[in-house]
Engineer: 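I have a structure here, written as structure tokens, and I will follow up with some questions on it.
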There are 2 protein chains.
Amino acid sequence: MSLNKYRFAMDEIQKFREYIREKGLRNTPERELIIEEIFSNHDHFDAEGLFLRLRNKMKRVSKASVYRTIPLLIECGLIKEVYFEDGHLHYEHIYGHRHHCHLRCICCGSVVEFADDRIPRLQNQIGKKHDFLVTSHRFEILGYCSECAPGQGMQGTCRPSGRGHAGNQG
Amino acid sequence: MSLNKYRFAMDEIQKFREYIREKGLRNTPERELIIEEIFSNHDHFDAEGLFLRLRNKMKRVSKASVYRTIPLLIECGLIKEVYFEDGHLHYEHIYGHRHHCHLRCICCGSVVEFADDRIPRLQNQIGKKHDFLVTSHRFEILGYCSECAPGQGMQGTCRPSGRGHAGNQG
DNA sequence: ATATTTATTGAGACTCATTATCAATAATAC
DNA sequence: GTATTATTGATAATGAGTCTCAATAAATAT
């Protein structure tokens with residue numbers, strides 16, 4: 001882990017500690033290990049994978065604690081859900097990503113991140129119109145990546161989407 | 001079921017029959033019962049609820065058949081996934097809805113549909129930019145509805161989100 | 001009509017992600 | 001240091017969704 005990354009994780013741990021204190025909860029080494037692990041990597045992750053990464057590094061944290069910590073991190077805004085695929089949720093942490101959305105291949109599952117200034121504007125206008133206090137949005141565009149586009153021959157590599165079906169959207 | 005609604009469902013069943021034929025599959029009364037039930041109602045639905053609705057109307061269709069039919073209906077574009085909440089996916093059928101997105105209250109779970117002409121345009125521009133053949137999108141705005149907005153007193157009615165956590169998004 | 005082929009069905013077993021249980025432990029407040 | 005009580009880990013329980021398999025029934029050919 002680079003010095004930089006470590007410093008970033010420290011900032012996030014600090015934010016988490018404050019949140020915990022405000023809620024009258026308790027700070028624990030297990031929770032800090034989980035946050036450090038999340039912020040040591042910029043990829044999307046899921047609960048099981050996170051648990052295994054910790055275990056492989058000999059950080060003893062139970063699966064139950066991983067599952068219990070994720071909602072706390074969501075509540076304090078350090079991570080967010082990005083999509084439901086293969087029967088479970090996938091998350092990402094907020095550091096070092098400007099706010100962005102996802103373009104996802106419905107064939108091979110590959111994901112491209114994108115950002116567009118018009119999206120937050122749209123979000124706010126629509127929220128105002130319907131009298132919602134908007135906190136966030138999720139914009140996901142689905143289709144075929146260049147590798148998987150029909151008629152390009154690469155379709156054999158596409159895996160069927162697993163449990164929960166990540167299928168088409170109108 | 002009004003005459004009108006019945007006619008609509010027939011159109012959809014027709015579309016489904018063609019899809020089934022093209023794929024070399026077989027049409028069955030169970031599948032037709034499932035489609036009729038879906039199109040008899042304009043609300044969002046989930047697999048379990050659909051199964052129970054059928055059962056309450058004494059239409060004998062097994063849960064397995066419900067689960068097996070849903071992906072077929074997604075593939076042929078008659079229904080689509082709208083969100084993952086309370087540990088499972090929720091769907092809607094396409095009839096009588098122009099394409100729209102959802103504004104969802106992260107507190108009480110209420111959903112408002114909205115449509116905006118700028119969204120499909122955005123989708124296409126972004127798809128082109130990243131060399132994706134776009135088929136669809138899902139734009140979900142999260143926040144607090146007017147009933148649940150912080151500082152408005154109604155927060156006691158908010159239910160915690162269940163399994164899978166429908167929590168905040170950046 | 002009848003026979004043939006094979007997709008579909010239903011019941012229930014199974015998988016696997018997530019949550020609940022509970023006794024032991026350990027943060028925090030006093 | 002003691003009391004209070006949130007948290008932990010191990011594991012049981014839950015529940016959504018899938019698989020299995022023998023029986024059934026569409027579609028098609030005869």
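Worth knowing before you read on, the calculation uses all heavy atoms, side chains too, and leaves out hydrogens, waters and symmetry mates. Below, chains carry the letters A, B, ... as their sequence lines are ordered, and counting in each starts from 1.
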Engineer: In whole Å, I'd like the distance from the CG atom of L89(A) to the P atom of dT18(C).
Structural biologist: 6 Å

Engineer: Please state how far atom CG in L54(A) lies from atom C1' in dG9(D), giving the value in whole angstrom units.
Structural biologist: 14 Å

Engineer: When the distance from CZ of F51(A) to P of dC16(C) is rounded to whole Å, what number comes out?
Structural biologist: 16 Å

Engineer: Can you tell whether the side chains of E37(B) and K59(B) come within less than 4.0 Å, N to carboxylate O?
Structural biologist: no

Engineer: Give, ordered by number, those residues of residues 59-70 of chain B having at least one heavy-atom distance below 4.0 Å to an atom of DNA chain D; if nothing qualifies, reply none.
Structural biologist: A64(B), Y67(B), R68(B)

Engineer: Only one of S146(B), C148(B), C145(B) passes side-chain contact (heavy atoms from CB on, under 4.5 Å) with S110(B); say which it is.
Structural biologist: C145(B)

Engineer: Any salt bridge between K23(A) and E75(A), counting N to O under 4.0 Å?
Structural biologist: yes

Engineer: Check whether the ring centres of H102(A) and H44(A) lie less than 6.0 Å apart, and answer yes or no.
Structural biologist: yes

Engineer: Would you say the ring centers of F139(B) and H137(A) fall short of 6.0 Å from each other?
Structural biologist: yes

Engineer: Tell me: CZ of R17(B) to C1' of dA27(D), nearest whole Å?
Structural biologist: 15 Å

Engineer: Relative to each other, are the rings of F39(A) and H93(A) parallel, tilted or perpendicular (30° and 60° limits)?
Structural biologist: tilted

Engineer: Without decimals, in angstroms, what is the distance between H88(A) NE2 and dT15(C) C1'?
Structural biologist: 14 Å

Engineer: In whole angstrom, what separates F84(A)'s CZ from dA17(C)'s C1'?
Structural biologist: 9 Å

Engineer: Whether E32(B) and R17(B) form a salt bridge (side-chain N of Lys/Arg under 4.0 Å from carboxylate O of Asp/Glu) is what I want to check.
Structural biologist: yes

Engineer: Roughly how many Å is it from CD in E32(B) to P in dT8(C), rounded to a whole number?
Structural biologist: 13 Å

Engineer: Mind listing the N/O atom pairs, protein and nucleotides 28-30 of chain C, below 3.5 Å?
Structural biologist:
| from | atom 1 | to | atom 2 | distance (Å) |
| --- | --- | --- | --- | --- |
| dT28(C) | OP1 | N27(A) | N | 3.0 |

Engineer: For the pair made of CG in L33(B) and P in dA25(D), what is the distance, rounded to whole Å?
Structural biologist: 14 Å

Engineer: Do any N or O atoms from the side chain of H88(A) and from the backbone of D86(A) form a donor-acceptor pair under 3.5 angstrom?
Structural biologist: yes

Engineer: Could you check whether H130(A) and E113(B), counting side-chain N and O atoms only, form a donor-acceptor pair closer than 3.5 Å?
Structural biologist: no

